Asker: 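Below are the structure tokens for one structure; questions will follow.
Just so it is clear, the model here is predicted, and its values are computed rather than measured. In what follows, every heavy atom counts, from backbone to side chain, and hydrogens, waters and symmetry copies are set aside.
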Amino acid sequence: MEETDREAVATAVQRVAGMLQRPDQLDKVEQYRRREARKKASVEARLKAAIQSQLDGVRTGLSQLHNALNDVKDIQRSLIDVNKDWRQSINTIENLKDVKDAVVQHSQLAAAVENLKNIFSVPEIVRETQDLTEQGELLQAHRKLMDLECSRDDLMYEQYRMDSKNTHDMNLIHVYFGDLQKLSEELAKQLWMVVQRSLVTVRRDPTLLVSVVRIIEREEKIDRRMLDRKKQTGFIPPGRPKKWKEKMFNILDRTVTTRIEGTQADTRESDKMWLVRHLEIIRKYVLDDLLVAKNLMVQCFPPHYDIFKKLLSMYHQALSTRMQDLASEDLEANEIVSLLTWVLNTYKSTEMMGNSELAPEVDVNSLNPLISQNVVDQLLSKYMSTLTSNIIGWLRKALETDKKDWIKETEPEADQDGYYQTTLAAIVFQMFEQNLQVAAQISEDLKMKVLLLCLQQMNSFLTRYKEEAQLYKEEHLKNRQYPQCYVQYMIAIINNCQTFKESIISLKRKYLKNEMEEGMSSSHANMDVILDTIAKEGCSSLLDEVFMDLEPHLNELMTKKWLTGSNAVDTICVTVEDYFNDFARIKKPYKKKMTVEAHRRVVVEYIKAIMLKRISFKNAEERKEGAERMIKEADQFRFLFKKLSAGSGEDTEGLCDIIVAIAEVIKLTDPSLLYLEVSTLVSKYPDIRDDHISALLTVRGDASRDMKQTIIETLDQGSSQPNPNYVPIFKEITVPTLSVQKLLK
């Protein structure tokens, strides 16, 4: 206490020192004293209030404890009195045992008297109940059955209470009421028949269905009452609980399963579309049944039955079981597609469970899959395997059919633009299109797999197509008179290549996503290469056909007969033009290339004729005449190919200029300028070789061996600057040696 006082004094000293730090603060000492006095009075008042509150609480607690002690003493005295009275009444209770037995006996006799009328009239009531059941008066029949069962149950219960071990009397009652069990079973059969046909009954006679539900509800209440009494007494009447509500749902479940399974009217042997029909019937039946259940049946059942939800679950389970059974069968490819399309798409679509009339009770997002993903994957794997073999077979058959067309004696069909074509491309891509459309109905992933499969098989097919086109050409070369329309069908084969290209692009654009296109670009490029190769080889074979007909006329070039007035070039031009009238049926990309190639080959063959040294001009006049003829014929070629390539934008001048340039060398009259003319020729066409120059000078006929050697050596020392746009042509032209010429002679 003293320490506390010291701390208080010290604190006060500090506060006073803090207040009186300046001389002018001494004037406020009185003011400070009054303020501190007010604070002290306030603290003392709060402290007194707190102490008073605690004292009041303690006083109240002591008062309550005192009252509780008095109450406990009163209770103790009362218990002593009760105990004393109970001990005194034990003897009295034992004296009342006879009264108790009399009460029990009276109760039994009262029950017997109450049911006496029913007991004597049991056979009559049983007959009436049977008649009512047969007449369909189910509610009245059930009322009488309930009365009989109530009489039996009361008698058996009283007997059980009196002597539960007396089985003889219990059996006697049971035998007397023995017809009740049979009567109950007959009534139940009638109920189950109505339940089985509930979807029909609810439309024609909904009151009958309501009566059945009322009877079931009555039995459920009796079941509950009997089970409660069993818990209390241990007694339960025979045949209880009946569980008719549970049996009703079991009947409904079996009915739904039978209805789903019974919709298959056909088999694969009788109808190829059996599964499609089966699934469509299921769709229609299920939708109709659920609409009836939603709009009519729910009105006939109590809300707590939740009849629509239970029926929906039954139908879903029955469908799942049926779809599993179908999936386990040995289905064909088209049947797998039908099944998966129905399971994955149709089932949850607006045509079935997603129908707006079923909403909001049916939420398609909450429905479980009809078949597991594992089964779906197995079906898709089997489908892809079957589809692969089918596509291979279809492509092989399509190619065989197309090959038979190639040997026909009639020309192939032409499209709207007049281009020859066969039906091969249309058949192939129609098949691809159909399979892709089918796959797209199932899933995007399957569509991509089928597209990839189609492109892969297309790749292999084009390789076979190329081989068959080559065999077609080789067979024709064995006998050029057969097939009769070889040229026309080879044109159709070439055009098919362009059609295939366009169809592949169209197919990818329609079914392929942009992000997937890069992964298939190599496959597409490979197909383009094969198609271009087929078209190129086809064009080459057609040109071979042309040049085989031109061969005798080409052999006349640069001969004495040619010099004296041969019409070989006229015939060549007419023949080429005649062939190109047919070649006009070739589509533009390939026709354009073919025209250029024909132009090049004509010029090459012409230059080859020069290099063969079939003629050697004897004098300047012959050289002039031959050179002018060459220039004239170059103009004929130029005119011809300009006409054939009209509208293509191709430069037809350059190739014929080579013939003119060679003619200028031959035409030169001053031998001293020969080197200059030849060097000009070499600068224009840098692939010209020494043997070409030697052959050209030999054809001129006035160049000595030394002159040839000098010109060639001089040219070898010089360097030429080739035109970057020049396509080498002389490298294809060989000059025969002297020994070869002798052998030819």
Asker: Can you tell whether the side chains of K182 and E185 come within less than 4.0 Å, N to carboxylate O?
Answerer: no
Asker: Assess whether atom CD of E502 is packed by more than 12 heavy atoms of other residues, nucleotides or ligands within 6.0 Å.
Answerer: yes
Asker: Which heavy-atom pair separates I534 from L462 by the least distance, and what is that distance?
Answerer: CD1-O, 3.6 Å
Asker: Can you find a side-chain donor-acceptor pair between Q498 and Y419 that sits under 3.5 Å?
Answerer: no
Asker: Could you tell me whether K294 and E361 have a side-chain N and a carboxylate O separated by less than 4.0 Å?
Answerer: yes
Asker: Could you tell me whether R322 and E261 have a side-chain N and a carboxylate O separated by less than 4.0 Å?
Answerer: no
Asker: Between S503 (side chain) and T499 (backbone), is there a donor-acceptor pair under 3.5 Å?
Answerer: yes
Asker: Is any NZ, NE, NH1 or NH2 atom of the basic residue among R240 and D223 found under 4.0 Å from an Asp or Glu carboxylate oxygen of the other?
Answerer: yes
Asker: Under 3.5 Å, is there a donor-acceptor pair between the T422 and D402 side chains?
Answerer: yes
Asker: With the side chain counted from C-beta on, respond yes when Y347 and V286 share a heavy-atom pair under 4.5 Å apart, and no when they do not.
Answerer: no
Asker: Ion pair present between D288 and K284, side-chain N to carboxylate O less than 4.0 angstrom?
Answerer: yes
Asker: Please report the shortest heavy-atom distance between L436 and K447, naming the atom on each side.
Answerer: CD2-O, 3.6 Å
Asker: At what distance, to the nearest 0.5 angstrom, does CG of N459 lie from CD1 of I530?
Answerer: 4.5 Å
Asker: So for atom NZ, which belongs to K245, do other residues, nucleotides or ligands contribute more than 12 heavy atoms lying within a distance under 6.0 Å?
Answerer: yes
Asker: What closest approach, in Å, do M458 and F500 show between heavy atoms, and which atom pair accounts for it?
Answerer: CE-CD2, 3.0 Å
Asker: Can you name the closest pair of heavy atoms from M297 and L199 and give their distance?
Answerer: SD-CD2, 3.5 Å
Asker: Measure the spacing between CD of E269 and CH2 of W274 and express it to the nearest 0.5 Å.
Answerer: 9.5 Å
Asker: Quick one: does any side-chain atom of T341 pair with a main-chain N or O of S338 as donor and acceptor, under 3.5 Å?
Answerer: no
Asker: Under 4.0 Å between a Lys/Arg side-chain N and an Asp/Glu carboxylate O for D445 and K449?
Answerer: yes
Asker: Run Q456 and T388 through side chain to side chain contact (heavy atoms under 4.5 Å, CB included) and show every step you take.
Answerer: CA-CA 10 Å; Q456 288 173 343; T388 301; over 6 Å; no
Asker: Between the side chain of S443 and the main-chain N/O of L446, is any donor-acceptor distance below 3.5 Å?
Answerer: yes
Asker: Check F235 against R229 and note the closest heavy-atom contact, atom names and distance.
Answerer: CE2-NH2, 3.7 Å
Asker: Rounded to the nearest 0.5 Å, what separation is found between the CE atom of M146 and the CD atom of E219?
Answerer: 7.0 Å
Asker: When you check the side-chain N and O atoms of Q373 and D377, is any donor under 3.5 Å from an acceptor?
Answerer: yes
Asker: Test L132 against L139 for side chain to side chain contact (heavy atoms under 4.5 Å, CB included), laying out the working first.
Answerer: CA-CA 9 Å; L132 289 170; L139 278 175; over 6 Å; no
Asker: How far apart are the closest heavy atoms of V202 and C300, and which atoms are they?
Answerer: CG2-SG, 3.7 Å
Asker: Hey, mind stepping through E217 and Y305 against side chain to side chain donor-acceptor pair (under 3.5 Å) and telling me if it holds?
Answerer: CA-CA 10 Å; E217 272 294 278; Y305 273 52; 2.7 Å; yes
Asker: Just checking K466: does its NZ atom have more than 12 heavy atoms from other residues, nucleotides or ligands closer to it than 6.0 angstrom?
Answerer: no
Asker: Tell me whether the NZ or CZ atom of R259 lies within the 45° cone about the ring axis of Y285 and under 6.0 Å from its centre.
Answerer: yes
Asker: Between E280 and R283, is there a side-chain N and carboxylate O pair less than 4.0 Å apart?
Answerer: yes
Asker: Give a yes or no on whether D325 atom CG has more than 12 heavy-atom contacts from other residues, nucleotides or ligands under 6.0 Å away.
Answerer: yes
Asker: Do NZ/NE/NH1/NH2 and the carboxylate oxygens of E335 and R268 come within less than 4.0 Å?
Answerer: yes
Asker: Could you tell me the separation between the CG atom of D417 and the CG atom of N495, rounded to the nearest 0.5 Å?
Answerer: 10.5 Å
Asker: Test side chain to side chain contact (heavy atoms under 4.5 Å, CB included) on Y383 and I442 and set out the steps.
Answerer: CA-CA 12 Å; Y383 172 72; I442 299 175; 5.5 Å; no
Asker: Return yes if a side-chain donor-acceptor contact under 3.5 Å exists between E186 and Q190, otherwise no.
Answerer: no
Asker: What's the separation between atom OG1 in T346 and atom CG in L340, rounded to the nearest 0.5 Å?
Answerer: 11.0 Å
Asker: Can you tell me how the ring of W244 sits relative to the ring of W192, calling it parallel under 30°, perpendicular over 60° and tilted otherwise?
Answerer: perpendicular
Asker: Kindly compute the distance separating CG (L287) from CG (N355), expressed to the nearest 0.5 Å.
Answerer: 5.0 Å
Asker: Any donor-acceptor pair under 3.5 Å linking the side chain of S184 with the backbone of Q181?
Answerer: no
Asker: Do D205 and T207 have side-chain atoms, one donor and one acceptor, less than 3.5 Å apart?
Answerer: yes
Asker: Answer yes or no: is there an ion pair linking R143 with E137, defined by an N-O contact shorter than 4.0 Å?
Answerer: no
